> 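My structure is below; once you've seen it, I'll send some questions.
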2 protein chains.
Amino acid sequence: MKLMQLYAAMKSDLQAIEDDMAAAITSELPLLSEASLHLLKAGGKRLRPVFVLLSGNFGNYSLETLKRVAVPLELIHMATLVHDDVIDDADIRRGQPTVKSKWDNRIAMYTGDYIYAKALTVITELDKPRIHQILSSAIVQMCIGEMEQIRDFFNVDQTVRTYMRRIRRKTALLIAISCQLGAMATDAPDRFSHALYRFGYNVGMAFQITDDLLDVCGAEKAIGKPPGSDLRQGNITLPVIYALQDERVREELLREITVIRDTEGPVNSSAAVKLVRSSQGIAMAERLADRYVAKALQALDTLPDQAAKRNLAEIARFVANRSY
Amino acid sequence: MKLMQLYAAMKSDLQAIEDDMAAAITSELPLLSEASLHLLKAGGKRLRPVFVLLSGNFGNYSLETLKRVAVPLELIHMATLVHDDVIDDADIRRGQPTVKSKWDNRIAMYTGDYIYAKALTVITELDKPRIHQILSSAIVQMCIGEMEQIRDFFNVDQTVRTYMRRIRRKTALLIAISCQLGAMATDAPDRFSHALYRFGYNVGMAFQITDDLLDVCGAEKAIGKPPGSDLRQGNITLPVIYALQDERVREELLREITVIRDTEGPVNSSAAVKLVRSSQGIAMAERLADRYVAKALQALDTLPDQAAKRNLAEIARFVANRSY
């Protein structure tokens, strides 16, 4: 089944999640509702809900139950985006003005806090304390990941290992638990939820590496933001780390990164982007993303053969080959 | 029992909570630990832990259980302070530089997020989903309260009612659930946890009104920040709302508030503070705080007579008469 067909087949359940998300973040305070709904309307791939629903097929599938997992996970993802945009000083996300540019940083901070908290009220409707624990631990790790990112801004000496640890926390973990909790909420056997966690973790790693590749290689229209954004804010991603290992571009790239770091106000990263594109960094990062996809597919091996398993595999393959 | 004796009597349990708070926010990431611990070391009255412990006396008192309520509640309070300081652009809190002034706004935002999330991991160790629900709903309300505060900055037409609704969310609710959850966690009868909620709510209202009075009338050394901070950032509090109803100062005070609003950079609020001090606003706000204390004491009526009840009453009386 191709990806668009897959979304089409899940359409009504995904719509129910979308409706619940809108209901969850609608507040009696117009300012808060507007800022939150603005974000919701910007859309997105809704990867986390898709993973929750598909994973729920390995237990006793119940939309009512799965909504209470999918809605908070996607809301938490949204909350991190709002806070990220404050940090990144981003004006555009998914082709739309960000909350912090449309309102201001203060509004963006509390909108993020509010969406986080709303997510928790939804998940705590489930009478499964273990699920509450897993979610809150994941949020802790995500915060640490965000702090690591700040710490590592413009650090050109960071290793691939540092990068991996950071994206594991920042991205892979939330996707991993989307799969795990979809299974746990529907009382799937432990070995299924473990396998789904591993699947989600590896897909998440591939997803973030691809995201970082797209920031270097993608077209502005497809990725919904100007390319080179990561470098402009000092975020040294995998393709850049690999490019810095390429003697043909290393010195010039270091110089360009220093210029970006030391420039006050708007800065152009296109020379640096060009250097990374011309280096071995792209192919090496692509190879690593493919390895994670292969590991994700392998994690599915122990699961019973059914449509949901094939669909998860389809998404995993899409993740590393997408252009948006 | 006088207040200091009360703290002394609870010293070992409060110390255990302090230790657990430090352990909870210590992270493998030095930057995060430093920013969080900096905040912890600044101290505070630890009102929420005190209320949790005292309320736990109406059920089956267990420090192990009560710690899992007290630690998250105080951490959540701390997290809101970190985020508030970003919003308020505050450099000093409790006589210490704030996280945002010592590091920066980005660090302060993620430190707040991290402390929030850590609080949740601690409370979810309790196998009582109802407690998780109450806590997450309270955080939602607190975020709405914070947003209301931003919305109402420099709004000189706001009513006492608007102010009450805002401080209920911003302050009273967390103190109310500190009492309620201390009782619930130790399996106290429902009528006790309800009475304790009402007690905490009324104490919380009195507490915030007194806090707002201290910002106008307090001595810098005692309150740990320069007086008039609220007005400088546009936060129109109860004494100011009442002062604006006083024809003798209204026009002049409106002019001063407009000057503060329209001044770029550092601004002096001492003329406005002086006007509020000279108005009927102080006495009226004090009277309202006293009314809330009386209501709090009344809420204790249905509780069995024991030391904890007398101690709660002692704190309620202190709250409205404190000078720090």
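Treat the numbers as computed from the prediction; the structure is a model and nothing was measured. Here is the naming used below: chain letters follow the sequence lines, and residue numbers restart at 1 for every chain.
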> Can you measure from CG (A/Asp127) to CD (B/Gln133) and round to the nearest 0.5 angstrom?
7.0 Å

> Starting at NE2 of B/His132, measure out to CG of A/Leu135 and round the result to the nearest 0.5 Å.
12.0 Å

> For the atom pair CD (A/Glu146) and CG (B/Asp113), what is the distance rounded to the nearest 0.5 Å?
8.5 Å

> Quick check for you: among A/Ile144, A/Val140, A/Thr111, which has the greatest number of heavy-atom pairs under 4.5 Å with chain B?
A/Val140

> Please report the shortest heavy-atom distance between B/His83 and A/Met109, naming the atom on each side.
O-CE, 3.2 Å

> If you count heavy-atom pairs under 4.5 Å with chain A, which of B/Ser137, B/Ala117, B/Ala138 comes out on top?
B/Ala117

> Less than 4.5 Å apart, side chain to side chain, heavy atoms only: is that true for B/Tyr116 and A/Leu120?
no

> Can you tell me how far OG1 of B/Thr124 sits from CD1 of A/Ile131, rounded to the nearest 0.5 angstrom?
12.0 Å

> Within this structure, what is the CE-OH distance for the pair A/Met142 and B/Tyr110, rounded to the nearest 0.5 Å?
9.0 Å

> Identify which part of A/Glu125 has an atom lying under 4.5 Å from any heavy atom of chain B, answering side chain, backbone, both or neither.
backbone

